[in-house]
Amino acid sequence: MRRWINVLALSGWAVGALAQPPNAARQQELSHLLQQDCGSCHGLTLRGGLGPALLPANLAGKPASFLVQTILDGRPGTAMPPWRPLISETDAAWLVERLLSGGQAQ
Amino acid sequence: MNGSALHGERAAPDAALLAELKTVLIMLALLGGLLASMVAQAGSQVLRGTGDLAIVIERADGKVQILDTTRNQSIGEVAGLGDLSHASAVFSRDGRYAFVFGRDGGLSKIDLLTATLVARTVQAGNSIGGAISQDGRLVAVSNYTPGGVKVFDADTLAPVADIPAEYAPGQLSKVIGLVDAPGQRFVFSLWDAGQIWVADMREPNTPKIDRFSDIGVNPYDALITPDGRYYIAGLFGEDGMALLDLWHPQDGVRRILAEYGKGDAKLPVYKMPHLEGWAVAGTLAFVPAVGHHEVLVIDMLTWKQVDRIAVQGQPVFVMARPDGRQVWVNFAVPDNGQVQVIDVPSRQIVQTLEPGPGVLHMEFEPRGEEVWVSVRDADQVQVYDTATFERRAVLPASKPSGIFMTARAHRIGL
């Protein structure tokens, strides 16, 4: 939890507005999305595919704010699409925490 | 062995007698074994062909189910295939064996008749697909890490050739769109380099490579027309597609559909479209647009776009029923719970099906009367009648993805 708050603080978004993490049902949806849909390009086990690997070691040194923004707005000039139409900033911050903590890795 | 075990438990008064007893016991054991194997063979000797079999990838469990498409039932499964996210398969020319390509670089050879894994090699760190050669003797795998193509003996999976996709000193490209082509060739594209390579495998250990550069930015998938003549790569990084005429490779790669998409705002692409299964109906081809919720209609005589059909979402697979009368389309998230059917003569959507969340793949039976649909999040494979759109069967499957029928064994590029 502390780490999650750290991520929010680092991400530079209004921490007050994001104090509540996604509820349990949404977390389950997001975890599923991360594995199955992010997994289409980054691999089901996040070891990479057309897109880069997303294991903690691969993300080391990248600011959480950068990762949150990458999820929400994509990377122009690459195949990474903006996910903002489908997920909120709170969702993205939670996903980044999952990735950085290795909670999603298998 | 039985004889000597018995021997050890008894007193040994007479060596000659014991030797004789041992011989008899060994003969009895051999005879028993022979009888047992004869009984077992008689039991399993229900002969059958493989022409109506298929496999479905159960991607989360690293296994495949073997399906009987006549009785619409599962007849076996084979596990231990590793990470099967984005897995695909090709078949031996006798239709007995499936070669399954896993994301973790695993290449597995499966016997459909005995439901056993007969050979397996982990040949790379991260791979995307594969192909079997025209003569059926070579299996090639396209790899992301290390970028390139590796070629194996289809009998034993022993390595035959290694083709690193080195496009600049020390730079290896991810390889996509690997297909077989007439002339014992493999054709593939380099995502990072914007190149198409043609490997002539007539001398299997020393492939002869023709390289075509500047074909366009980020080819993401490719296909070969059913006659094996045209290799076409879709470009993610720019508009249009790259076309190579394999009858006249000396003419080089040319750009087609370059006019498409100019000036239009593109929508996010949440899953790369697949071009395999390029839907050809007469001289028209139906292909997924990229970044537009449309199926494009291309005249294959002029290679010009002649129509666009609005559909529910970003198309992933656009597949023609084998007779070319219908085209079935599935979609990327968030529209991946639906399948739409286009009537080819009118180019109208005539049916929208809702198989359930996570429709990943569709495979027609060879003559097209039924289509098999994998529905990942429902953990089901569903079978539809393509004339009435009625659901004929629902089979349980764990996170199913690709469905591959043995009829692919006899088709160029599949």
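Lettering follows sequence order; numbering is per chain, from 1. Since we're looking at a predicted model, the values are computed, not measured.
Rounded to the nearest 0.5 Å, atoms OG (B:Ser85) and CZ (A:Arg47) are 10.0 Å apart. How far OG of A:Ser40 is from CG of B:Asn336: 9.0 Å, rounded to the nearest 0.5 Å. One finds the CG atom of A:Leu44 at 11.5 Å from the NE2 atom of B:His86 (value rounded to the nearest 0.5 Å). Remark: B:Arg376 CZ to A:His32 NE2 distance equals 4.5 Å, nearest 0.5 Å.
Within the 4.5 angstrom heavy-atom criterion, only side-chain atoms of B:Tyr144, from C-beta onward, approach chain A. Neither the backbone nor the side chain of B:Asp192 comes within contact range of chain A; no heavy atom of the residue lies under 4.5 Å from a heavy atom of that chain. Using a 4.5 Å cut-off between heavy atoms, B:Arg59 touches chain A through backbone and side chain atoms alike.
Side-chain contact between A:Leu50 and B:Phe236 is absent, with no heavy-atom pair separated by less than 4.5 Å. Within the 4.5 Å cutoff, the side chain of A:Leu86 has heavy atoms near those of the B:Pro334 side chain. With a 4.5 Å cut-off on side-chain heavy atoms, B:Tyr270 and A:Pro85 count as touching.
A side-chain donor-acceptor contact under 3.5 Å links B:Asn126 to the backbone of A:Gly48. Counting only distance, with no hydrogens or angles, the side chain of B:Lys399 and the backbone of A:Gln36 share no donor-acceptor pair below 3.5 Å.
When all heavy atoms of A:Ala79 and B:Met272 are compared, the pair lying nearest together is CB-CE, 3.4 Å.
Within 6.0 Å of atom CD in A:Glu29, more than 12 heavy atoms from other residues, nucleotides or ligands are found, so the atom counts as buried in its surroundings. Around the CG atom of A:Asp73, the shell of radius 6.0 Å holds more than 12 heavy atoms that belong to other residues, nucleotides or ligands.
Evaluation of the ring pair (Phe, Tyr, Trp, His ring centres under 6.0 Å) rule for B:Tyr231 yields no partner, not counting sequence neighbours.
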Please list every donor-acceptor pair under 3.5 Å in which a side-chain atom of residues 215-222 of chain B meets a protein atom from a residue at least two apart or in another chain.
unit_1: B:Asn218; atom_1: ND2; unit_2: B:Trp191; atom_2: O; d: 3.0
unit_1: B:Asp221; atom_1: OD2; unit_2: B:Leu275; atom_2: N; d: 2.7

